[in-house]
There are 2 protein chains.
Amino acid sequence: MLIKVAIIDDKSSNRNILKDKLLRHGHFTITVMAEDGRDFLEKMKNLDEKQLPDVALMDLEMPNMDGVDAIAAGSSFFPSVKFVVLTIFDDEEKIFKAIKAGAFGYLLKDESAENITDMLWQMHESGVGPLSPGIAHKILQMVQNNELTLVPKAAGANQKLFFDLTEREREILQLLVDGLSYKEIGVRLSISANTAKKHVINIYDKLHVNSRAQALHLAYEKGLL
Amino acid sequence: MLIKVAIIDDKSSNRNILKDKLLRHGHFTITVMAEDGRDFLEKMKNLDEKQLPDVALMDLEMPNMDGVDAIAAGSSFFPSVKFVVLTIFDDEEKIFKAIKAGAFGYLLKDESAENITDMLWQMHESGVGPLSPGIAHKILQMVQNNELTLVPKAAGANQKLFFDLTEREREILQLLVDGLSYKEIGVRLSISANTAKKHVINIYDKLHVNSRAQALHLAYEKGLL
DNA sequence: ATTTTAATAATCCAAAGGGATTATTTGCCT
DNA sequence: AGGCAAATAATCCCTTTGGATTATTAAAAT
């Protein structure tokens, strides 16, 4: 089974070199190539499930939309994709932001071709996010320097009592949360946009709201997702 | 030049196996063996400079004085020594405490003999603290789960992690999250609905989305509120 | 067997939302 | 003093939503 990879880098030479490295390894296939974050998200939207990458190798500094923003948006809208930073930058600010945005790993470009492919392969085998040693070290130092500190996790009894939504309605609510329009919901579920709309209005009725935003608010606040 | 190593572990079999592994590698010599933290500090006091270890491989759970306390005290009194945790424990609490105490690295005992000696050798060569991949992964997750958070280093420096929203825009995003329409936002902030709308569209621009639902999705997922 | 519920779908209408553009004012930075 | 970013506001245009209503079908409950 080939690992599907997306490559996002503003320099075409970088993209092509990386592509060659990965293809030569034999376990990877490239399904998306993009030259910046905007281009990447654009291309991801028009991708069918089969082509959805397993991994997105993301450069950080890019025009239009940088890597951190692309990871934040991408990891939110495509949660199955593992976003791995691949960059020359190793300053703490960028590392922290990228991780916070949802990066699953952080690799430095001065890593050898073998190391990069190996670490990605390891990630696929073990499910463990790849980190260049220098980055791991930086993170340790951030903790030691009190730049990072432990936050007591708010122990919350997470009870999800639904507002008597039917299964179909919960399914559609989830798509609302994901930001789809009636049309898109229709396509996704193979029903007409009109029917999708009818469901949504029924949901509003049950939740006693009258807009998407309010429905999402409730859904998030009350843990209906 | 041989790397001088201290081994601190309460089980003598562990100590001896580890010692053999390191000696077999050829680049290491063992200058201290101790069976707990207290024993370790005791022996370190009565050591001349020549014998001072470069690295201390420290188990965590030990009688009398555990590894965390030993690292805290040891890294304070012997700052030239790199303390590396070597343990079977990988729970977040222990990881965090050990790092906080001054651990320079954190290795898991299920790592192969070659990996451990290699990583210690790497550490000596590059000055970078060794981390088992599983530990690195745990730390990433801690950051992502908001269990670790960036401490405001310069007081007041308002953290805008990504998307660079202005204060006004964050304020308006919050109102979007609360389900208000342009009109309502206008009334609430004493501005025209048109201006509210302009702000919202600017927010969409920065978040790279094009609907309320998508904006809320990002806001919730990435904690922009 | 019949009633009820859920899912499907369509149509009409008014309101709100999204996008592009242009313009003015304010305060901050150099 | 001049330049620049942010907040304010309006207008035009088109799409999407939200709401109400009606209708058909399949499945579940009574």
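Under the 4.0 Å criterion applied to side-chain N and carboxylate O atoms, B/R188 and B/E184 are not assigned as salt-bridge partners. In summary, B/E167 and B/R170 do not engage in a salt bridge, as defined by a charged side-chain N under 4.0 Å from a carboxylate O. By the 4.0 Å N-to-carboxylate-O rule, A/K109 lies close enough to A/D9 to be salt-bridged with it.
Separation of atoms NZ (A/K197) and OG (A/S181) is listed at 12.0 Å; rounding is to 0.5 Å. Distance check: A/D54 CG to A/T31 OG1 gives 8.0 Å after rounding to the nearest 0.5 Å. A/Y106 contributes atom OH, which lies 4.5 Å from atom CG of A/L60 (distance to the nearest 0.5 angstrom).
Taking atom CD of B/E184 as the reference point, atom C1' of D/dG18 lies 14 Å away to the nearest angstrom. Rounded to whole Å, atom P of D/dT8 lies 10 Å from atom CD of B/E169. Spacing between atom CD1 of A/I172 and atom C1' of D/dT17 amounts to 15 Å, rounded to whole angstrom units. The distance from atom NE2 of A/H199 to atom C1' of C/dA6 is 8 Å, rounded to the nearest whole Å. Look at CG on A/L176: it is 11 Å from C1' on D/dT17, rounded to the nearest Å. Between the P atom of C/dG17 and the CG atom of B/L216 lies a distance of 12 Å, rounded to the nearest Å. Rounded to whole angstrom, the span from the CG atom of A/L189 across to the P atom of C/dA7 amounts to 11 Å. Following rounding to the nearest Å, A/L165 (CG) and C/dT5 (C1') show an atom-to-atom distance of 15 Å.
Taking the side chain as every heavy atom from C-beta outward, A/D59 and A/K11 never approach each other to under 4.5 Å.
Counting heavy-atom neighbours within 6.0 Å of B/K138 NZ, excluding the residue itself, gives a total above 12. For NZ of A/K19, the number of neighbouring non-hydrogen atoms (other residues, nucleotides, ligands) closer than 6.0 Å is 12 at most.
Across all strands, A/I201 comes closer than 4.0 Å to base atoms (heavy-atom distances). Counting any heavy atom pair closer than 4.0 Å across all strands shown, A/S192 reaches sugar-phosphate atoms only and no base atom.
Mapped onto DNA chain D by nearest heavy atom, B/K198 and A/A213 fall at different nucleotides, with B/K198 at the one closer to the 5' end.
For the 3.5 Å distance criterion, the side chains of A/N202 and A/K206 fail to qualify, holding no donor opposite an acceptor. For A/D118 and A/Q122, the side-chain atoms include no donor-acceptor pair closer than 3.5 Å.
At the phosphate of C/dA10, neither OP1 nor OP2 sits under 4.0 Å from any side-chain N or O atom of A/T195. For C/dG19, neither phosphate oxygen OP1 nor OP2 lies less than 4.0 angstrom from any side-chain nitrogen or oxygen of B/Y204.
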Quick test: give all pairs of protein nitrogen or oxygen and nucleotides 26-30 of chain D nitrogen or oxygen below 3.5 Å, distance rounded to 0.1 Å.
none

Under 3.5 Å between N/O atoms: give me all the protein pairs with nucleotides 12-16 of chain C, atom names plus distance.
| from | atom 1 | to | atom 2 | distance (Å) |
| --- | --- | --- | --- | --- |
| C/dA16 | OP2 | B/K183 | NZ | 3.0 |

Q: Starting from the C-alpha separation in whole Å, work towards a yes-or-no answer on side-chain contact (heavy atoms from CB on, under 4.5 Å) for A/H217 and B/Y220.
A: CA-CA 9 Å; A/H217 184 90; B/Y220 276 110; 3.4 Å; yes

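The rotation axes computed at either terminus of the helix from C/dA1-D/dT30 to C/dC28-D/dG3 lie 60° apart, taking five pairs at each end and rounding to 10 degrees.
For A/V200, the listed nucleotide lying nearest its side chain is D/dG18; candidates were C/dA7, D/dG18, C/dG18.
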